[in-house]
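So the structure is just underneath, and the comments pick up after that.
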Amino acid sequence: MKIEVSAEKRTLQGKGASRRLRGSGKVPGIIYGGEDTPQAIELDHNDMFYKLKMEAFHASILTLNVGGAKEQVLLRDVQMHPYKQLVLHLDFQRVDQKKKIHMKVPLHFINADIAPGVKTSGGIVSHVLTEVDVTCLPKDLPEFITVDLIDLAAGHTLHLSDITVPENVEITALVKGDDQAVATITIPRSVLSSESTGEGGEAEGEAEASEE
């Protein structure tokens, strides 16, 4: 998904200037990285507020249009008000197409309803991770990574090494030798207790039949 963000250069800085910006429906931000010097910018608050609700906005190469000059960036940090629906500040990092980047990418789980641990054993899928840090060139950055649970049985765990990632993309933790758990299927106590009760009922029935 191609996402473009419009911004303007910001000349006035400081807490007072930022407060006035927010009062006028703007949000302060900064672009840094690359060979250029950091640039203070201002963006439309409502546009940013709704874009931040998009999953892809956090895991995509963005096109930042600053007064007509476009450059490729990543969203690196967001400061939100502790209790108001207010964006306080945004950090963007310039992208060098020839250098690998580290980025957190969301995981999309599929086939949970037909996994043996769910369909046959009545288990519940527990998502240990919902996103994963990847290393790749900007052009290879995926918006998300699909995790297929179709073969996951009850009591078993899916690890990072079990995930299929796009070509030229590496899971950073695996490169470091950390094969983290991603998802597991557990059997609820209610299901286990009902199964044991059923077995007990059958045993009692058999005992009564033998007495007769």
Acceptor/donor pairs from residues 23-40 side chains to any protein atom, 3.5 angstrom cut, sequence neighbours excluded:
from: S24; atom 1: OG; to: R20; atom 2: O; distance (Å): 3.4
from: S24; atom 1: OG; to: L21; atom 2: O; distance (Å): 2.7

Discussion item. Applying side-chain hydrogen bond (donor to acceptor under 3.5 Å, both in side chains) as the test, list every pair that has at least one member in residues 142-155; sequence neighbours left out.
Written reply: N111-D148

Worksheet item: With a 4.5 Å limit on heavy-atom distance, are the side chains of L107 and V182 in contact?
Response: yes

Practice prompt. Return yes if some donor-acceptor pair links the side-chain N/O of H45 with the main-chain N/O of V87 below 3.5 Å, else return no.
Written response: yes

Item to complete: Supply the atom-to-atom distance T135 OG1 to N168 CG, rounded to the nearest 0.5 angstrom.
Response: 12.5 Å

Worksheet item: Without hydrogens or angle criteria, can the side chains of H108 and E55 be said to hold a donor-acceptor pair below 3.5 Å?
Response: yes

Worksheet item: Do the non-hydrogen side-chain atoms of L149 and V125 ever get within less than 4.5 Å of each other?
Response: yes

Discussion item. Around atom CD of E4, are there more than 12 heavy atoms from other residues, nucleotides or ligands closer than 6.0 Å?
Written reply: yes

Worksheet entry | H159: partners by side chain to side chain contact (heavy atoms under 4.5 Å, CB included), with sequence neighbours left out | T157, S161, D162, D179, A181

Item to complete: Could you identify which residues cluster with L88, counting Ile, Leu, Val, Met, Phe, Trp and Tyr as linked when any side-chain heavy atoms lie under 4.5 Å apart, either directly or through a chain of such contacts?
Response: L86

Worksheet item: Just checking, is any N or O donor in the side chain of S126 or T184 under 3.5 Å from an acceptor N or O on the other one?
Response: no

Worksheet entry | 4.5 Å side-chain heavy-atom contact, I41 and F92 | yes

Worksheet entry | Linked, directly or transitively: F109 and V165 (ILVMFWY side chains, under 4.5 Å) | yes

Worksheet item: Is there side-chain contact between L158 and V147, with heavy atoms separated by less than 4.5 Å?
Response: yes

Worksheet item: Does anything in residues 83-103 pair up under salt bridge (charged side-chain N to carboxylate O under 4.0 Å, His left out), and if so which pairs, sequence neighbours excluded?
Response: E71-R94

Fill in: Linked hydrophobic residues, Y83 as query - side chain contacts closer than 4.5 Å
none

Practice prompt. Check whether any side-chain heavy atom of V134 sits under 4.5 Å from a side-chain heavy atom of I145, and report yes or no.
Written response: yes

Fill in: Close side-chain approach of V118 to I124, heavy-atom, < 4.5 Å
no

Fill in: Test item: L74 and L141 side chains (from C-beta on) under 4.5 Å apart, heavy atoms
yes

